[in-house]
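Computed from a predicted model, the values in this text were never measured in an experiment. Every chain is numbered from 1 and lettered A, B, ... according to where its sequence line falls, protein lines coming before strand lines.
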Amino acid sequence: MSDLDQFRQETRAWLEENCPETMRVPVKGFDDLYNGGRNPEIDHPDQKVWCDRMAERGWTVPHWPREYGGGGLDKDEVKVLREEMARISARSPLDSFGISMLGPALLQFGNEEQKKEHLPPICRGEIRWCQGYSEPNAGSDLASLQTRADDHGDHYLINGQKVWTSYADKADWIFCLVRTDNSGTKHEGISFVLFDMAQSGVEARPIKLISGSSPFCETFFDDARAEKRNLVGEEGKGWTIAKYLLTHEREMISGFGAAPKKSLGESAADIMGRDSEGRLVNGILRQSLAQYQLDALAFAATMSRVGDEVKAGQGLGAASSIFKYYGTELNKRRNELNLQVYGEPAVGWDGEAYNNGTLARDWLRSKGNSIEGGTSEVQLNIVAKRVLGLPDA
Amino acid sequence: MALVLNEEQVMLKDAAAGFLAERATVAHQRALRDSEDTTGFDAAVWKEMAEMGWAGIAIPEEFGGLGYGYTGLGLVLEQAGRNLSASPLQSTVLVGATAVAQLGTAAQKEALLPAIAAGETLVTLALQEGAHHAPAATAAVATKSGEGFVINAEKRLVLDAHVADQFVVIARTSGTPGTESGLSAFLVPANAEGVSVDRRSMVDSHNAGTVTFAEVSLPADALMGELDGAWAGLSRTLDIANVGLASELLGLSTEAFERTVEYLKERKQFGHIIGSFQGLQHRAAELFAELELSRSIVLQALHAVDADSDKLSLLASAAKAKLCEVAQRATNEGVQMHGGIGMTDEHEIGFFIKRARVAQHTFGDYNYHLDRYAEQVGF
């Protein structure tokens with residue numbers, strides 16, 4: 001038996017023994033994920049049990065090094081673990097910005113002390129993180145951010161305001177872009193600092209969106225304290241880390257465009273009917289749906305192609321630069337089509353008849369996809385300049 | 001199958017790019033057009049292509065081909081698209097050889113495939129009758145006559161018609177136009193009595209013609225495969241033909257786009273390089289995204305051919321529809337962004353828009369294939 005087969009057998013046995021039955025049902029949505037933190041939101045006590053058991057083996061973040069609380073598994077082992085979890089429909093034990101965003105940045109840019117201090121609590125689900133990037137006057141033009149960090153010897157004092165801070169009201173710590181120097185160009189003088197949200201100088205207020213309540217917050221800093229040892233990378237060089245994380249974030253958001261299992265066209269035909277040849281009765285809608293589905297298919301093929309190119313050692317090609325733009329635009333198209341296909345129930349806002357307005361709220365929320373993490377227009381600027389080499393105005 | 005090229009394929013692609021950029025360029029195509037060349041392509045260049053094995057690129061080795069599969073042929077066609085190279089690659093290598101392989105009897109394959117692979121014989125499909133591609137609507141009739149058949153048909157948009165040696169003719173042997181059953185395929189020599197070819201002048205200056213079959217008598221062994229049973233083989237041939245044309249359109253669109261972007265970096269108006277204007281930058285960037293999607297769907301469709309996937313029809317129509325859409329956009333933007341110079345015959349961008357529309361129309365346009373794609377995915 002190969003080592004990998006052995007690993008699979010042991011993993012299967014361990015999961016069978018340790019994954020609670022209640023954790024073997026699919027999550028219903030983002031709200032159903034377990035995010036950990038000092039005051040975790042727990043719908044079911046088994047969530048914490050499952051997270052703790054997995055964390056003990058380092059399997060909440062199986063691909064991180066063992067010394068930082070990860071599982072130290074190689075790619076093949078991670079794949080086996082995912083397959084074995086999928087086999088019993090085991091939920092992800094822990095999802096957080098610490099795992100998806102800060103961790104990769106710290107592994108790349110953090111010093112040893114920072115990795116040792118911050119990564120293990122992320123793996124154990126003890127500390128929940130949020131991201132302090134956008135400001136009221138620094139959206140697409142993120143580098144013009146003005147939240148100030150003043151040097152006070154062994155610490156900084158932070159003053160200013162962030163916006164669109166996801167889950168700031170629930171997070172324990174923040175990774176935050178601040179201005180430590182105003183003298184150079186706007187990209188210079190930005191620093192990447194980490195600090196505790198549980199202090200008097202920090203206030204987070206949730207934002208209500210056109211789609212209803214949201215995870216987003218406005219976050220205010222009034223002499224909030226950040227220790228100097230929690231400056232990641234060099235002072236004034238935070239933009240490099242910010243760009244790295246933005247790229248990372250864009251890849252996550254672009255995943256929303258993936259084609260679903262049952263085609264929307266088939267759903268439309270079920271709802272609205274077919275002609276004698278089996279075609280959706282409304283030819284105009286049928287065309288829009290076919291165009292959408294064709295683009296979704298070609299987009300999915302592009303995600304696969306880029307993945308295969310990376311696996312074949314060809315590096316991340318230029319095609320990846322379109323992911324964020326195309327994926328989010330596709331998702332918006334799909335949501336508009338949802339309204340057309342499902343009709344009246346899709347414009348219902350509340351109540352059981354409308355499944356609490358899920359379709360309408362998703363539709364409204366999708367409008368933000370091409371704004372957050374870099375607008376579509378900014379993405380097109382990037383493609384035009386960096387990929388096509390077109391000059392600045 | 002991973003969506004990447006293997007080493008053999010990369011070498012083939014590079015070889016094709018190098019050869020065609022030197023021997024079969026847009027300038028050569030212009031010269032063929034302006035001299036009203038009687039062949040319509042450079043026979044010496046075709047001979048060299050055949051010597052490199054391209055005529056038999058997708059033909060199995062047992063029949064004298066290279067056995068590289070259709071992914072290999074797609075890569076060569078993509079380069080032909082970049083250069084607008086005129087050759088029998090489409091008529092004979094992509095469609096004719098495929099029709100023989102899909103529909104032919106063992107004896108027909110033995111007789112024709114090695115000759116095609118050697119570049120000695122041109123075989124082309126005679127299918128379309130009306131203004132639009134509609135294979136099931138075929139109305140041309142072949143009737144039994146003694147041991148053999150008699151065909152009456154008028155077929156249009158027959159690629160390389162006036163230089164072809166053999167036609168694969170689709171005719172109805174039973175059933176009514178509009179039904180898929182009752183169609184049969186016949187192998188008809190160009191020199192058979194009653195065959196007349198009218199070479200037509202198309203907007204792209206590539207070879208096509210209308211072929212009339214008037215009371216053409218055929219022996220029993222002219223029938224390809226089963227009587228009334230051509231539909232499955234014909235469908236597969238057309239799927240492959242459309243994936244090949246999508247490959248050509250991918251090369252054509254990419255080249256038109258790259259030339260246009262280069263122009264945006266040179267042309268100055270209002271004291272600025274026009275490529276610095278955001279109105280043009282965003283259109284170029286959107287087109288770049290569409291071209292990346294096009295490349296992926298074409299490669300996926302080519303792999304579906306070689307892997308004998310049951311999703312071939314779906315992917316073939318997806319690839320052709322997508323490439324019709326993108327080629328139209330890329331060539332339209334190409335002319336628009338070149339401005340006045342793009343409207344002149346002297347500039348080469350016009351050759352791209354012309355070839356694009358003929359290739360789009362050939363074996364089903366955007367409307368045909370988007371409709372078929374929707375059918376394939378269940379609505």
Atom pair CZ/CZ of Phe379(B) and Arg274(A) - distance to nearest 0.5 Å: 9.5 Å
Between Tyr326(A) and Glu290(B), a side-chain donor and acceptor under 3.5 Å: yes
Heavy-atom donor-acceptor pair, Arg286(A) side chain to Asp371(B) backbone, under 3.5 Å: yes
Glu325(B) side chain near Gln291(A) side chain, heavy-atom distance below 4.5 Å: no
Side-chain heavy atoms of Gln281(B) within contact of Leu380(A), under 4.5 Å: no
Over 12 foreign heavy atoms within 6.0 Å of CD, Glu266(B): yes
Structural part of Glu377(A) lying under 4.5 Å from a heavy atom of chain B: both
Over all atoms of both residues, closest heavy-atom pair of Ser296(B) and Ala298(A): CB-O, 4.0 Å
More than 12 heavy atoms from other groups under 6.0 Å of NZ on Lys265(B): yes
Options Gln300(B), Glu286(B), Gln278(B), ranked by heavy-atom pairs under 4.5 Å with chain A, top entry: Glu286(B)
Largest heavy-atom contact set with chain B, pairs under 4.5 Å, which of Asp392(A), Asn381(A), Val387(A): Asn381(A)
Atom pair OG (Ser321(A)) and CZ (Phe288(B)), whose distance is rounded to the nearest 0.5 Å: 4.5 Å
Residue pair Leu264(B) / Leu388(A), side-chain heavy-atom distance below 4.5 Å: no
Considering all heavy atoms, the nearest Arg279(A)-Glu375(B) contact: NH2-OE2, 3.1 Å
Residue of the set Leu5(B), Leu3(B), Val4(B) for which side chain to side chain contact (heavy atoms under 4.5 Å, CB included) holds with Glu309(A): Val4(B)
CA sep, side-chain torsions, deciding dist, call: Tyr373(B), Leu297(A), side chain to side chain contact (heavy atoms under 4.5 Å, CB included): CA-CA 11 Å; Tyr373(B) 170 72; Leu297(A) 174 74; 4.0 Å; yes
Options Val306(A), Leu294(A), Asp295(A), Ile382(A), ranked by heavy-atom pairs under 4.5 Å with chain B, top entry: Leu294(A)
Residue Leu291(B) versus chain A: region with a heavy atom under 4.5 Å: neither
Nearest-0.5 Å distance, CZ of residue Phe299(A) to CD of residue Glu292(B): 11.5 Å
Asp5(A) atom CG: more than 12 heavy-atom contacts under 6.0 Å: yes
Interface moiety of Lys311(A) toward chain B, non-hydrogen atoms closer than 4.5 Å: neither
Heavy-atom pair count under 4.5 Å with chain B, highest-scoring of Ser267(A), Ser304(A), Gly265(A), Ala268(A): Gly265(A)
Option that, when pairs with chain B are counted at under 4.5 Å, heavy atom only, ranks first among Pro391(A), Ala384(A), Ala290(A), Ala269(A): Pro391(A)
Side-chain touch Leu390(A)/Leu280(B), heavy atoms, less than 4.5 angstrom: no
Over 12 non-hydrogen atoms of neighbours within 6.0 angstrom of CG in Asn137(A): no
Contacting region of Glu277(A) [heavy-atom separation from chain B under 4.5 Å]: neither
Expected output: side-chain Arg305(A) to main-chain Leu299(B) donor-acceptor under 3.5 Å: no
Heavy-atom side-chain contact between Leu293(B) and Ile322(A) under 4.5 Å: yes
